[in-house]
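Written below as structure tokens is the structure these notes are about.
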Protein chains: 2
Amino acid sequence: MDKVKKVRNREIRISDLALELGLTKGTISRALNGYEDISKKTRLRVIEAANKYGYVPSTPARRLALGLSETIGIVLPKISSQPVNTFVSEFINSISSNLNKYGYDLLVHTNESDAFEVEPYQRLVKSRKVDGFIIFRTLKKDKRVDYLLSENFPFVTYGRTARIMEHDWFDIDGEKAFEEATSHLIKMGHKRISFIGGGKEFFSAQFRIQGFRKMIGKSNLEKKHCVEMPGDLSGKGGEIAAHKLLEQKFPPTAILCSNDATALGVIKIAKELGFRIPEDLSVLGYDGIALGGYMDPPLSTLSFSIEECGREVVDLLINRLKEPKKPFKSKIAFANLQLRGSDGENS
Amino acid sequence: MDKVKKVRNREIRISDLALELGLTKGTISRALNGYEDISKKTRLRVIEAANKYGYVPSTPARRLALGLSETIGIVLPKISSQPVNTFVSEFINSISSNLNKYGYDLLVHTNESDAFEVEPYQRLVKSRKVDGFIIFRTLKKDKRVDYLLSENFPFVTYGRTARIMEHDWFDIDGEKAFEEATSHLIKMGHKRISFIGGGKEFFSAQFRIQGFRKMIGKSNLEKKHCVEMPGDLSGKGGEIAAHKLLEQKFPPTAILCSNDATALGVIKIAKELGFRIPEDLSVLGYDGIALGGYMDPPLSTLSFSIEECGREVVDLLINRLKEPKKPFKSKIAFANLQLRGSDGENS
DNA sequence: AATGTGAACGAAACCGGTTTCGACTAAGAG
DNA sequence: CTCTTAGTCGAAACCGGTTTCGTTCACATT
């Protein structure tokens, strides 16, 4: 691979500034970085000159000298996995915006193979391109977490893992969310409530199904009519599960889905099979994607703030970088039942 | 702001390797970078040792020495602008994946104020954090383009600008797309076809409306029944425009929308007003978002490959970096009419 | 045997910052 | 009028690579 020609930039360097002011670069550097041993007079002189000439320190040079990259890495799965969701873009948006506040940059890397491979993380660690990671879509046994822990490399997860006590994390309380959703459906008089899960590999799937089971268990509904179906968090997965559920002799009157995409698939098939929504069938999703509001009927869902997710993980990670020794922190946020129209009373 | 403590990494450095092998770091460097003046024997010895010890060059050091950041920047608008679309995440996914092939990283920055401000670009240029930019959602008169051209800084746009001959760009042929869509509707027997535009600030809006006008002009339809409405590329904008269009004495029998979000808003209002789709009203969108397929009826749209968009802009930019003097290149791709169910014959 | 040649590597400068340490100066203390 | 001391700044090392230039040595040449 032929090299990119280097075009030394004509940007002003610290030595230019030093020459101009008759100082040494060490002094310039300390003046700009607020050291106490620089007189107020020269500090002001330096700052003024820096502004005048538009001096901005060379990031590569700073990074080398400081031994820091001031960059956080995030590894995305290949898009194919969830093309239906705006989560990733909103999450990245929030993360980068919040990182910028702290003077950090966001490096986005796309995984070529599997989203959970360790390899891209290794490369980024060894090449010293990032100071920390944000990991999302966590697994219970997560190799990425294992690797970074073994390297003692800073990171935070969005989502819990089996090693919850050994790292910082932020998560939405999926269990509680599905408890709420389930009891809402029970209150609405539904007797046959089904659940479509998804992404069993994700730890989050367990919490969601637990919430469902817990409330079904507490109720006096007939368990055999409250079926749990597997899914894959895609619209297609919802379609398949819906076929199986709705073609039963006693089909559910309400279906709780692990995410909105699944719910959309369910609604599609339900309509094809002649179910009216919400009269014959209530459908609840999870994610709160904006497009759900434009469905017919508008999708009822559990929504949460992605902006908050980004902000929280960034705060946790920055604190970790600042104080590596501090005990690990975690935070849980809640999803809100957003009833828009795809759910109703059981008649 | 207190500084992050520096934890000098225990990663192996080039000097460690040099010591270990009894060579100098210059020799190690040249051996690993394929210089001709290193004997095959030592080259192999060096490579072997590098693998054995897991040596990976420090990126900050390389970047400083090379005067390159090997990083491409992209500045995202604050999410509020288009929460309905998966474009951004797919685009980023494709870009980062394609950049990785060339050994480049992707730096994602989020604009705090306006998407079209120059300021974040300036900061990234002056701090030497990136070697080039990918700009999207271009304006006809684009300050970002003006700035980067004035600095002679490499970039490529996704979307055309007024200074089309002065930079590399990739775009979808919006004019042709809307020509096709319009003539499709004409062929289906529609006599009253309306258009809802959007994002007038974007250059792309002009091409789309031009395509519409051109085909309406060529036809013998009554122009007064082929209304053009403004929009803002949001669902809300579609709703507002739909109200105005459909509450006319002679409402359109087909509405062509500048994007899918708008089309969803239109469909929502149309249904509320009692229009059956597609029997009473055909609606066409643009973008090809996956979720459109789950609408009722599934949204007909003009779709294109976002992966391709990412790949093309990356190729253009990398070539520019490799050969800064070459004449500018551009490429146009086409959108495909994807008829899913929201359009039909005019009865 | 002296000279020329090319292959292979070492030495050192350089990239542009940061940080430690020491020197100088002026003011305050005795 | 010396001696400290604090306040300022310069000098230089350092971060970890890359690259230029020159040296060394083996070997072929005459």
Is the distance between the ring centroids of B:Tyr147 and B:Tyr121 under 6.0 Å? no
Under 4.0 Å, heavy atoms only, any strand: does A:Ser29 hit a base, just the sugar-phosphate, or nothing? base
Is it true that atom CD of A:Glu166 has more than 12 heavy atoms of other residues, nucleotides or ligands lying nearer than 6.0 Å? yes
Nucleotide C:dC14, atom P - distance to CD1 of A:Ile14 in whole Å: 18 Å
Backbone of A:Lys140 reached by a side-chain donor or acceptor of A:Arg160 within 3.5 Å: no
Give the rounded distance in Å between these two atoms: CZ of A:Arg13 and P of C:dC14. 12 Å
Classify the ring geometry between B:Tyr158 and B:Phe87 as parallel (under 30°), tilted (30 to 60°) or perpendicular (over 60°). parallel
Any side-chain N or O of B:Tyr55 less than 4.0 Å from the OP1 or OP2 oxygen of D:dG17? yes
Check: A:Arg62 side chain, A:Ser58 main-chain N or O, donor-acceptor pair, under 3.5 Å: no
Are there over 12 heavy-atom neighbours, none belonging to A:Glu308, within less than 6.0 Å of that residue's CD? yes
Spacing of CG belonging to B:Leu124 relative to CG belonging to A:Asp105, to within rounding of 0.5 Å: 7.0 Å
Does the B:Asp16 side chain pair with the main chain of B:Ile12, one donor and one acceptor, at a distance under 3.5 Å? no
A:Ser39 side-chain N/O to A:Thr42 backbone N/O, donor-acceptor pair under 3.5 Å: yes
CD1 of A:Ile28 versus P of D:dA11: gap in Å, rounded? 13 Å
May I ask you to evaluate whether A:Arg63 reaches the phosphate of C:dG16, defined as a side-chain N or O under 4.0 Å from OP1 or OP2? no
Residue A:Arg128, side-chain heavy atoms: nucleotide from D:dT19, D:dG17, C:dT18 that is nearest: D:dG17
Provide, to the nearest angstrom, the distance between the NZ atom belonging to A:Lys129 and the P atom belonging to D:dG16. 18 Å
Assert: residue with more 5' nearest nucleotide on DNA chain D, out of A:Gly26 and B:Ser15, is A:Gly26
Looking only at the side chain of A:Ala61 (C-beta and beyond, no hydrogens), which of the listed nucleotides C:dG17, D:dT19, D:dG17 gets closest? C:dG17
Look at the side-chain N and O atoms of A:Arg62 and state whether any lies under 4.0 Å from the OP1 or OP2 oxygen of C:dT18. yes
Atom CG of B:Leu32 and atom P of D:dT19: how far apart are they, to the nearest Å? 12 Å
Roughly how many Å is it from CG in A:Leu66 to P in D:dA13, rounded to a whole number? 20 Å
Is the CG atom of A:Asn152 crowded by more than 12 outside heavy atoms at less than 6.0 Å? no
Figure out the CG/C1' separation between A:Leu64 and D:dG17, and round it to whole Å. 8 Å
Look for any protein N or O under 3.5 Å of an N or O in nucleotides 7-9 of chain C and output each such pair with its distance, or none.
unit_1: C:dC9; atom_1: OP1; unit_2: B:Thr42; atom_2: OG1; d: 3.4
unit_1: C:dC9; atom_1: OP2; unit_2: B:Ser39; atom_2: N; d: 2.9
unit_1: C:dC9; atom_1: OP2; unit_2: B:Ser39; atom_2: OG; d: 3.2
unit_1: C:dC9; atom_1: OP2; unit_2: B:Thr42; atom_2: OG1; d: 2.7
unit_1: C:dC9; atom_1: N4; unit_2: B:Asp37; atom_2: OD2; d: 3.1

Within residues 45-53 of chain B, find the residues that approach DNA chain D with a heavy atom at under 4.0 Å, and present them sorted by residue number. none
Figure out the CG/C1' separation between B:Leu17 and D:dG17, and round it to whole Å. 13 Å
